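Below, read A as the first sequence line, B as the second, and so on, with proteins coming before strands; counting in each chain starts at 1. Remember, it's a predicted structure, so these values are computed and weren't measured experimentally.
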Amino acid sequence: MLDARYSFRSHVCGDLRSDNTEETVTLAGWVAKRRDHGGLIFVDLRDRSGVVQCVFDPDTSGEAFVTAERIRPEWVIKIEGTVRKRPDGTVNPGMATGDVEVVVVSATVLNMSETPPFEVEPGIDTDETTRMRYRYVDMRRPEVLAAIQLRDRVTQRFRKSLEHRGFLEVETPILTKSTPEGARDFIVPSRMNPGSFYALPQSPQLFKQLLMIGGFDRYYQIARCFRDEDLRADRQPEFTQVDIEMSFVEQEDVLLMMEDVMHEVMKEADFDLKVPLPRLAYSEAMDRFGSDRPDLRFGMELHSLTDVFATSEFKVFAGAIAAGGRVKGICARGAGDWSRSRIDALNQVALDAGAKGLAWIAFTGDGEVKSPIAKFLSEGEMAGVRETLHVQPGDLVLMIADAPDVTNEVLGVLRLRMADELELKREGFEALWVVDFPMFKWDADEERWNANHHPFTMPFVEHIDSLEEKPGDALSYSYDLVVNGLEIGGGTLRIHSAELQRRALAILGISEEEAEEKFGFLLEALSLGAPPHGGIALGLDRLVMLLAGASSIRDVIAFPKTSSGADPLTGAPDTVSQRQLKDVHLKVD
RNA sequence: GGGGGUGUAGCUCAGCUGGUUAGAGCGCUGGCCUGUCAAGCCAGAGGUCGCGGGUUCGAGCCCCGUCACUCCCGCCA
């Protein structure tokens with residue numbers, strides 16, 4: 001809480017209540033509003049704590065009144081006056097300080113202000129670029145202040161919760177080494193080492209392993225991370241992770257610790273997170289929800305219809321099944337009477353998501369069945385669909401027949417789309433763990449295996465022997481924390497054996513030389529007494545965005561960047577002088 | 001890299017089928033006003049219609065290009 005200590009104020013604006021009646025106060029802040037009645041002037045004075053009405057009456061102080069006639073919105077002023085209860089009939093119940101007002105005895109202009117580029121008040125709809133360019137004005141508005149304050153509370157709660165559990169906060173380097181794979185690095189030229197570059201960390205990844213090897217046992221950091229990739233509503237080139245790592249743990253230890261901490265953190269948003277959270281294997285998440293970050297605020301799960309259509313005469317389904325594919329469907333309750341054009345729009349969604357087409361059956365509220373494919377389906381098949389998907393009149397069945405992963409992913413997209421259209425998402429937060437991710441995934445374009453989480457993930461013990469033989473079958477100790485369909489965090493148990501780490505890198509197609517060059521320091525460290533360890537990293541911006549109900553992480557970052565990575569306030573990025581380039585041995589076209 | 005949307009006064013927007021001097025609300029400036037809190041009333045100022053080119057007798061509106069913002073796909077181990 002803001003208070004008046006260590007300042008020339010006696011109180012802060014938002015704290016004044018009827019208890020303060022008769023007190024002489026000194027306040028300072030910004031002029032939020034000025035209502036000039038000619039012979040009486042009201043000024044709403046604002047600081048971080050809130051707003052209080054100040055009354056300038058020439059009968060009290062002619063000098064102050066003259067000052068009040070000059071002042072304008074966003075001027076910075078100091079006032080001295082007396083708190084009094086507002087006269088009968090003038091109380092403002094919409095204001096925290098609405099029972100009282102300050103009768104001003106003297107007023108000082110601390111600084112004038114140009115007319116602000118937009119009005120400083122709640123609910124404005126000003127273009128974001130303008131708000132960013134004048135972010136220091138924008139942040140005087142209550143929504144921005146509230147978001148940043150929530151972020152502060154969440155951050156502090158993480159610190160407290162983790163400190164109470166024995167975690168040490170340790171800072172890791174910002175100027176570090178580029179590593180292959182992952183996102184594009186931001187790079188920084190080295191003046192003292194011509195032609196060499198630092199990279200900004202994509203996450204503290206390797207350092208947290210080194211801290212475990214160093215015996216710190218439990219580490220955390222509110223860590224800034226940098227990734228030079230295209231932006232999104234939930235992605236900025238620099239963002240913040242709550243990075244956590246623990247020694248001598250199994251996966252379950254990390255999950256339980258995180259659940260306890262998250263329970264405490266979510267309280268800052270007045271939410272009682274029920275723990276333990278549900279756990280869903282990656283394969284089950286894909287099978288039931290068509291997503292590795294399922295939104296559990298609504299049902300509409302995917303169901304297999306492969307058995308129903310196993311002997312179908314309908315060539316599209318039969319062909320897909322014969323080719324090793326699956327037929328699956330979802331049942332959208334209450335969309336059975338949708339217009340043809342509205343359903344056709346869904347077909348386009350399916351095509352965009354990678355399907356060859358969308359099969360649908362509309363069961364109207366009147367008991368009719370409408371479907372372009374009905375004539376190809378037997379009575380038994382139709383009955384199978386009704387039974388499997390628990391169809392009722394008024395439902396719309398959407399079906400996809402394709403390779404198993406395509407079928408799941410497309411239906412996953414349709415499921416989300418229908419939930420939005422039908423407004424099915426429940427209020428509140430629905431969190432879960434998605435666990436047991438495959439160790440590797442096949443990159444068809446580059447014809448090689450990629451790490452699913454990262455190259456340091458520990459495979460299941462029972463899959464270690466067959467790692468090279470069947471990389472695609474190996475599962476790993478990895479887990480994502482998913483809230484409302486957003487990936488809030490993810491982590492893994494780490495490989496702590498140099499030998500196993502070499503094998504994992506080899507499967508990823510990283511040569512021994514490259515492994516030595518890029519990760520030699522890690523391999524060396526792993527050979528010098530590395531304890532079993534694992535951890536997790538949470539996306540702080542995304543979490544706060546979620547808790548704040550914001551639609552972009554820009555809303556919870558004090559000075560965000562535009563979608564081209566620019567900062568309209570400072571003008572970054574910008575050119576530098578020839579001298580600066582020369583110093584770092586760079587030439588620019 | 002690709003697709004969609006937006007760009008007109010300080011802010012938010014309207015501007016019809018291409019037609020005379022581009023409008024509104026808020027804000028701003030000045031005046032009046034002693035109980036307002038979205039104060040009220042009166043008057044006023046304020047425009048490179050993102051930018052460049054083209055079509056046309058005539059372009060805010062049509063065409064081409066370009067820039068910025070924004071959403072999505074790719075990308076983000």
Side-chain angles (χ1 to χ4, degrees), chain A residues 32-45 51-60 65 68-69 72-74 86-95 97-98 101 103 113-134 137-138 179-185 202-203 205-206 225-237 239 348-349 351-354 413 417 437-441 443 445 448-457 476 478 487 490 492 504-505 508 510 537 539 551-552 554 560-566 568:
Chain A
K33 242 14 190 244
R34 176 174 161 278
R35 292 178 292 279
D36 185 347
H37 287 237
L40 189 69
I41 297 172
F42 298 99
V43 167
D44 289 342
L45 189 65
V51 175
V52 69
Q53 171 166 286
C54 304
V55 188
F56 291 79
D57 188 333
D59 299 339
T60 307
F65 186 82
E69 286 183 310
R72 290 292 181 270
E74 301 312 311
R86 292 198 189 186
D88 287 345
T90 65
V91 165
N92 185 346
M95 235 175 143
T97 60
E101 62 193 6
V103 184
S113 171
E114 301 289 328
T115 302
F118 45 85
E119 288 156 70
V120 180
E121 58 184 36
I124 63 165
D125 194 20
T126 300
D127 177 71
E128 252 189 285
T129 319
T130 311
R131 290 176 45 204
M132 275 188 223
R133 179 169 170 202
Y134 302 100
V137 175
D138 190 34
T179 52
E181 299 205 64
R184 200 175 289 114
D185 285 318
Q202 298 178 22
S203 81
Q205 214 60 266
L206 298 178
C225 304
F226 306 87
R227 295 181 188 175
D228 189 4
E229 299 290 349
D230 287 359
L231 288 79
R232 287 282 192 288
D234 61 353
R235 269 165 35 190
Q236 285 267 305
F239 62 100
Q348 191 57 49
V349 171
L351 293 176
D352 291 345
V413 170
R417 169 66 176 249
F437 285 81
M439 179 88 177
F440 304 106
K441 64 182 172 216
D443 184 331
D445 291 341
R448 64 188 195 92
W449 292 99
N450 272 330
N452 208 334
H453 263 78
H454 51 63
F456 320 108
T457 306
S476 62
S478 51
E487 187 194 325
T492 64
L505 292 172
L508 294 170
I510 296 171
S551 53
S552 164
R554 292 188 298 273
K561 292 182 176 59
T562 69
S563 65
S564 63

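Among the atoms of the strands shown, none is found under 4.0 Å from any heavy atom of A:Asp228. Within the nucleic acid shown, A:Asp352 has no heavy atom closer than 4.0 Å to any nucleic acid atom. When heavy atoms are screened at a 4.0 angstrom cut-off, A:Asp230 is found touching base atoms of the nucleic acid. Residue contacts shown for A:Thr457 are absent, as no nucleic acid heavy atom lies under 4.0 Å away. Among the heavy atoms of the strands lying under 4.0 Å from A:Arg554 are primed sugar atoms or P, OP1, OP2 only; no base atom is included. At a threshold of 4.0 angstrom between heavy atoms, the contacts of A:Glu101 include nucleobase atoms, whether or not backbone atoms are also involved. Using a 4.0 Å heavy-atom distance criterion, A:Thr90 is classed as a base contact. Within the 4.0 angstrom heavy-atom criterion, base atoms lie near A:Gln205.
No donor-acceptor distance shorter than 3.5 angstrom exists from the side chain of A:Arg554 to the backbone of A:Lys561, with no hydrogens or angles considered. No donor-acceptor pair under 3.5 Å is formed between the side chain of A:Asn450 and the backbone N or O of A:Asp443. With hydrogens and angles ignored, the 3.5 Å screen pairs a side-chain donor or acceptor of A:Ser476 with a backbone N or O of A:Phe437. Looking at A:Ser552, its side chain does come within 3.5 Å of a backbone N or O of A:Ala233 through a donor-acceptor pair. Between the A:Ser113 side chain and the A:Arg72 main chain, no donor and acceptor come within less than 3.5 Å of each other.
The two residues A:Arg227 and A:Ser203 come nearest to each other via the heavy atoms NH2-CB, 4.1 Å.
With its ring centre under 5.5 Å from that of the base six-membered ring and a plane angle below 30°, A:Phe42 counts as stacked on B:rU36. With centroids closer than 5.5 Å and planes inclined by less than 30 degrees as the test, A:His37 and the base of B:rG35 fail to qualify as a stacked pair.
The base of B:rC76 is not paired with the side chain of A:Arg227 by any donor and acceptor separated by under 3.5 Å. For A:Asp127 and B:rG7, a side-chain-to-base donor-acceptor distance below 3.5 Å is absent, hydrogens and geometry of angles not being considered. For a distance-only test at 3.5 Å, the side chain of A:Arg232 qualifies as a donor-acceptor partner of the base of B:rG74. Between the side chain of A:Glu229 and the base of B:rG74, no donor-acceptor pair of N or O atoms lies under 3.5 Å. Side chain A:Arg35 to base B:rC33: no donor-acceptor pair is found below 3.5 Å. Counting atom types as modelled, A:Gln53 pairs a side-chain N or O with a base atom of B:rU36 as donor and acceptor under 3.5 Å. Between the side chain of A:Arg34 and the base of B:rC37, no donor-acceptor pair under 3.5 Å is found.
Around atom CZ of A:Arg86, more than 12 heavy atoms belonging to other residues, nucleotides or ligands sit under 6.0 Å away.
The P atoms of B:rA14 and B:rG50 are separated by 13 Å, rounded to the nearest whole Å. Here, B:rG58 and B:rA22 have their C1' atoms 16 Å apart, quoted to the whole Å. B:rU70 and B:rG31 are spaced 43 Å apart, taking the C1' atom of each and rounding to whole Å. Atom P of B:rC61 sits at a distance of 13 Å from the matching atom of B:rU8, rounded to the whole Å. B:rG46 and B:rG10 have their P atoms separated by 11 Å, given to the nearest Å. With C1' as the reference atom, B:rG60 and B:rG7 are 12 Å apart, rounded to whole Å. Going from the P atom of B:rG5 to that of B:rG19 covers 23 Å, rounded to whole Å. Straight-line distance between the P atoms of B:rC73 and B:rU66: roughly 25 Å, to the nearest whole Å.
Relative to the side chain of A:Thr562, the nucleotides B:rG35, B:rC76, B:rC69 differ in distance, and B:rC69 lies closest. Side chain of A:Met132, nearest nucleotide from B:rC75, B:rU70, B:rC11: B:rU70. Proximity note for A:Arg86 (side chain, C-beta onward) versus B:rU36, B:rC69, B:rC11: the nearest is B:rU36. With B:rU34, B:rC72, B:rA39 as the candidates, the nucleotide lying closest to the side chain of A:Leu40 is B:rU34.
Mapping A:Pro117 and A:Pro73 onto RNA chain B by nearest heavy atom places A:Pro117 closer to the 5' end of the strand. Between A:Thr130 and A:Glu119, the one whose closest nucleotide on RNA chain B sits nearer the 5' end is A:Thr130.
Here A:Asp230 does not pair with A:Arg235 in a salt bridge; the nearest charged N to carboxylate O distance is not below 4.0 Å.
Straight-line distance from the CG atom of A:Leu231 to the C1' atom of B:rG1: 15 Å, rounded to whole Å. Atom CG of A:Asn450 and atom C1' of B:rC76 are 13 Å apart (whole Å). The distance from atom CD of A:Gln348 to atom C1' of B:rC73 is 13 Å, rounded to the nearest whole Å. At whole-Å resolution of the value, CD in A:Glu128 and C1' in B:rU12 are 15 Å apart. Between A:Asp234 atom CG and B:rC72 atom P the separation is 7 Å, expressed in whole Å. A straight line from CD of A:Glu121 to P of B:rG10 spans 18 Å, rounded to a whole angstrom. Between the CZ atom of A:Arg133 and the P atom of B:rA68 there is a distance of 16 Å, given to the nearest Å. Across the protein-nucleic acid pair, A:Lys33 atom NZ and B:rG27 atom C1' stand 9 Å apart, rounded to whole Å.
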task: Would you check, one step at a time, whether the test side chain to side chain contact (heavy atoms under 4.5 Å, CB included) holds for A:Val137 with A:Glu74?
output: CA-CA 9 Å; A:Val137 175; A:Glu74 301 312 311; 5.5 Å; no

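Base-pair partner of B:rC61: not found among the strands shown (Watson-Crick or G-U wobble, both distances under 3.5 Å). Partner assigned to B:rA45 is none, using Watson-Crick or G-U wobble distances below 3.5 angstrom. Nucleotide B:rU66 forms a pair with B:rG50, judged by Watson-Crick or G-U wobble geometry with both contacts under 3.5 Å. Pairing for B:rU17 is absent, judged as Watson-Crick or G-U wobble with the two contacts each under 3.5 Å. Pairing for B:rC76 is absent, judged as Watson-Crick or G-U wobble with the two contacts each under 3.5 Å.
Under 4.0 angstrom from either OP1 or OP2 of B:rA68 there lies no side-chain N or O belonging to A:Ser564. For A:Arg131 and B:rG10, the shortest distance from a side-chain N or O to OP1 or OP2 is not below 4.0 Å. Distances shown here put a side-chain N or O of A:Arg72 below 4.0 Å from the OP1 or OP2 atom of B:rU29. Look at A:Ser563 and you'll find a side-chain N or O under 4.0 angstrom from OP1 or OP2 of B:rU70.
For the atom pair NZ (A:Lys33) and CZ (A:Phe42), the distance works out to 15.0 Å, reported to the nearest 0.5 Å.
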